[in-house]
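Hydrogens, waters and symmetry mates play no part in the numbers below; they use all other heavy atoms, side chains included.
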Amino acid sequence: MPDKHKNFSEWYTEILTRAQLIDIRYGVKGAIVYLPNAMDIVDRIFQMFEEELRKTGHRKVLFPVFIPEENLKKESEHFRGFEGEVFWITKAGYRDLDKKLALRPTSETAMYPMFNLWIKSHKDLPLKVFQSVSVYRYETKATRPLLRGREFLWIEAHDAFKNEEEARKQVEQDMEIFKKVVLEKLGIPFVHLKREEFDKFAGAVDTYAFEAVLPDGRMLQIGTTHYLGTNFSRVFSIEYLDIDESHKLVHQTCFGIGISRILAALISIHGDEFGLVLPFSIAPIKIVIIPIPKKDADVEQIKKICLTLTDKLKAKGYRVEADLSDKTPGEKFYKYDMLGVPIRIEVGPREVKTGKITIFRRDKRKRISIPINELERKIRELEKEILNNLRSKAEEEFKNRFREVSNKQQLIELARKGNFIIKAGFCGREECAEQIKAETGYEVRGMNIKEKPKKTTCIWCGRATTKTVYIAKAY
């Protein structure tokens with residue numbers, strides 16, 4: 001395998017193929033086939049988010065994939081933001097359609113006409129729903145599997161509230177949900193940025209993006225949450241009768257969780273030169289048991305121990321596989337290392353003789369020997385240790401990517417040296433952002449919402465400002 005830090009693009013392509021995750025040979029540019037190894041992981045990521053959403057009162061819905069043209073155009077700013085990316089359906093069978101239909105690029109204009117029908121009184125609020133679907137956008141940039149495509153998997157939550165205060169609390173709750181799953185359960189660090197006015201979601205009042213950093217130093221947006229205010233409720237007449245008998249517009253939020261891109265980040269950030277490295281919780285195979293039938297060994301006894309351990313661990317709910325094929329142990333090690341199986345148990349003559357077993361940790365590539373009766377305890381222990389180690393390692397690499405500069409020349413010089421995440425003062429003008437990108441290839445990604453404003457100057461034009469932003473190359 002190529003070195004992912006020296007040649008990330010080649011490494012990424014290799015791992016998608018060798019780990020049997022994605023097949024790009026479907027025949028439509030920007031559309032990919034998710035193979036079983038990928039979908040096993042994807043399903044568990046979906047499940048994690050859906051569980052957290054349900055805990056906060058969300059209920060699952062499913063809307064049609066096509067949206068009437070008049071709905072999509074109703075909120076003009078929103079439509080302008082997506083107009084160049086929409087796939088249109090204009091014909092069915094031999095007949096031209098009377099009205100064009102859009103394949104879902106996002107679902108505000110699909111859902112909100114229904115919100116108008118569902119919400120009549122303050123008793124109908126809050127309304128909190130989500131769907132787990134594919135969305136379709138005619139991506140004009142170079143496509144890369146999972147990173148940038150024309151069809152991708154995501155979850156979108158759409159909520160309606162009585163007032164701004166309740167809606168903004170939901171935005172904060174979205175942030176907590178994302179942290180619980182992506183950082184705490186998957187071990188992927190990210191920075192949470194408030195987008196600039198010129199870069200926010202079309203139709204939103206405020207946009208907040210979750211950005212991971214891949215091994216090549218580029219930022220990858222893996223999710224967003226938006227406070228929409230009354231921009232959409234005004235257009236779609238989503239009103240409620242308040243307790244004082246007055247009619248009021250609802251305040252809305254939407255939350256987009258990029259499942260495809262989270263999978264890409266998981267693969268890229270934790271993977272190594274031997275293949276995938278997966279947290280225990282989402283690994284399709286959590287434990288693999290491999291016999292080591294050395295010369296003059298009691299092969300049948302070794303196999304018996306392997307099968308007994310397999311049955312015992314399966315009974316405890318673990319996803320475990322015993323590989324009793326005639327392949328060599330080395331071939332099996334290569335295979336399961338590539339698939340990212342977190343724990344490998346090796347059983348050979350020594351284990352039969354001593355009553356101990358050998359455990360190989362995929363994350364640290366280290367072996368330990370333990371008494372066989374301590375296996376279950378050790379697995380429970382390793383489940384936490386592996387996740388903590390992956391998160392700690394990822395956070396260290398994440399922090400090492402950040403630099404702070406105080407003048408234009410420093411920014412230009414740093415951009416020439418490599419891909420870093422650069423902190424700098426920024427005036428907020430789109431003109432400066434465009435010039436930064438034209439000169440350096442770096443984009444203004446937004447403000448870290450956890451950092452307090454301070455007096456500074458714009459890195460590009462020198463104007464006084466209190467805004468510090470993150471600037472980086474991005475997918």
Grab the two heavy atoms, one from [X] and one from [Y], that are nearest each other, plus how far apart they are.
X: Val133; Y: Arg104; value: CB-NH2, 3.4 Å
X: Thr224; Y: Phe255; value: O-CD1, 3.2 Å
X: Leu146; Y: Ala264; value: CB-CB, 3.7 Å
X: Thr465; Y: Cys458; value: CG2-N, 3.8 Å

Does [X] come within less than 4.0 Å of [Y], counting only side-chain N to carboxylate O?
X: Glu184; Y: Arg391; result: no
X: Lys437; Y: Glu443; result: yes
X: Glu381; Y: Lys378; result: yes
X: Arg137; Y: Glu139; result: no
X: Glu51; Y: Lys55; result: no

Between [X] and [Y], is any side-chain donor less than 3.5 angstrom from a side-chain acceptor?
X: Glu439; Y: Gln435; result: no
X: Tyr136; Y: Glu151; result: yes
X: His5; Y: Asp216; result: no
X: Asp43; Y: Gln47; result: no
X: Ser406; Y: Gln410; result: yes
X: Ser107; Y: Glu156; result: yes

Any side-chain heavy-atom pair from [X] and [Y] closer than 4.5 angstrom?
X: Asn400; Y: Glu396; result: yes
X: Asp363; Y: Pro342; result: no
X: Leu266; Y: Leu278; result: yes
X: His58; Y: His158; result: no
X: Pro105; Y: Val135; result: no
X: Ser9; Y: Arg144; result: yes
X: Leu276; Y: Leu21; result: yes
X: Glu321; Y: Thr310; result: no

* Candidate pair Tyr475 and Leu214, rule side-chain contact (heavy atoms from CB on, under 4.5 Å), full reasoning -> CA-CA 10 Å; Tyr475 282 97; Leu214 298 194; 3.6 Å; yes
Going by the ring pair (Phe, Tyr, Trp, His ring centres under 6.0 Å) test, which pairs reach into [range], not counting sequence neighbours?
range: residues 361-417; answer: Phe398-Phe402, Phe402-Tyr470
range: residues 406-448; answer: none
range: residues 189-209; answer: His78-Phe201, Phe82-Phe201, Phe178-Phe190, Phe190-Phe210, His192-Phe210, Phe201-His226

Please answer whether the main-chain N or O of [Y] pairs with a side-chain N or O of [X] as donor and acceptor at a distance below 3.5 Å.
X: Arg401; Y: Glu397; answer: no
X: Lys286; Y: Phe280; answer: yes
X: Lys423; Y: Val405; answer: no

Tell me, please, which residues at least two apart from [X] pass side chain to side chain donor-acceptor pair (under 3.5 Å).
X: Asp337; answer: Arg344, Arg365
X: Glu10; answer: Asn7
X: Thr466; answer: none
X: Glu395; answer: none

Taking only distance into account, with no hydrogens and no angle test, what donor-acceptor pairs under 3.5 Å do side-chain atoms of residues 328-335 form with protein atoms, sequence neighbours excluded?
| from | atom 1 | to | atom 2 | distance (Å) |
| --- | --- | --- | --- | --- |
| Thr328 | OG1 | Glu331 | N | 3.1 |
| Thr328 | OG1 | Glu331 | OE1 | 3.3 |
| Glu331 | OE1 | Thr328 | N | 2.9 |
| Lys332 | NZ | Asp323 | O | 3.0 |
| Lys332 | NZ | Ser325 | O | 3.0 |
| Tyr334 | OH | Arg18 | NH1 | 3.3 |

* **salt bridge (charged side-chain N to carboxylate O under 4.0 Å, His left out) partners of Lys327, counting only residues at least two apart** => none
* Return the set of residues passing salt bridge (charged side-chain N to carboxylate O under 4.0 Å, His left out) with Glu50 (not counting sequence neighbours), or none when no residue passes. => Arg54, Lys60
* Derivation and outcome, side-chain contact (heavy atoms from CB on, under 4.5 Å), residues Ile292 and Ile302 -> CA-CA 8 Å; Ile292 313 294; Ile302 290 172; over 6 Å; no
Approximate separation, where rounding is to 0.5 Å, of [X] [atom1] and [Y] [atom2]:
X: Ile262; Y: Ile257; atom1: CD1; atom2: CD1; value: 7.0 Å
X: Ile370; Y: Ile359; atom1: CD1; atom2: CD1; value: 3.5 Å
X: Phe130; Y: Thr56; atom1: CZ; atom2: OG1; value: 9.0 Å
X: Glu431; Y: Ile436; atom1: CD; atom2: CD1; value: 11.0 Å

* **Sequence neighbours excluded, every pair satisfying side chain to side chain donor-acceptor pair (under 3.5 Å) that has a member inside residues 260-274** =>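 Matches after skipping sequence neighbours: Tyr34-Ser260, Asp272-Arg362.
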Counting neighbours of [atom1] on [X] that are heavy atoms of other residues, nucleotides or ligands and sit closer than 6.0 Å, is the number greater than 12?
X: Ile24; atom1: CD1; answer: no
X: Phe87; atom1: CZ; answer: yes
X: Arg25; atom1: CZ; answer: no

* Are Glu52 and Val181 close enough, and set up right, to give a side-chain contact (heavy atoms from CB on, under 4.5 Å), and what steps lead you there? -> CA-CA 8 Å; Glu52 294 299 330; Val181 175; 3.9 Å; yes
* Asked: Step by step, would you call Thr358 with Glu351 a side-chain hydrogen bond (donor to acceptor under 3.5 Å, both in side chains)?
  -> CA-CA 7 Å; Thr358 299; Glu351 285 75 23; 2.6 Å; yes
* Name all pairs fulfilling the salt bridge (charged side-chain N to carboxylate O under 4.0 Å, His left out) condition that reach into residues 189-210, sequence neighbours left out, sorted by first residue then second. => Arg168-Asp206, Lys194-Asp206, Arg195-Asp199, Arg195-Glu211, Glu196-Lys467, Glu197-Lys200
* **Trace of the side-chain contact (heavy atoms from CB on, under 4.5 Å) decision for Lys408 with Ile412** => CA-CA 6 Å; Lys408 184 176 181 178; Ile412 293 172; 4.1 Å; yes
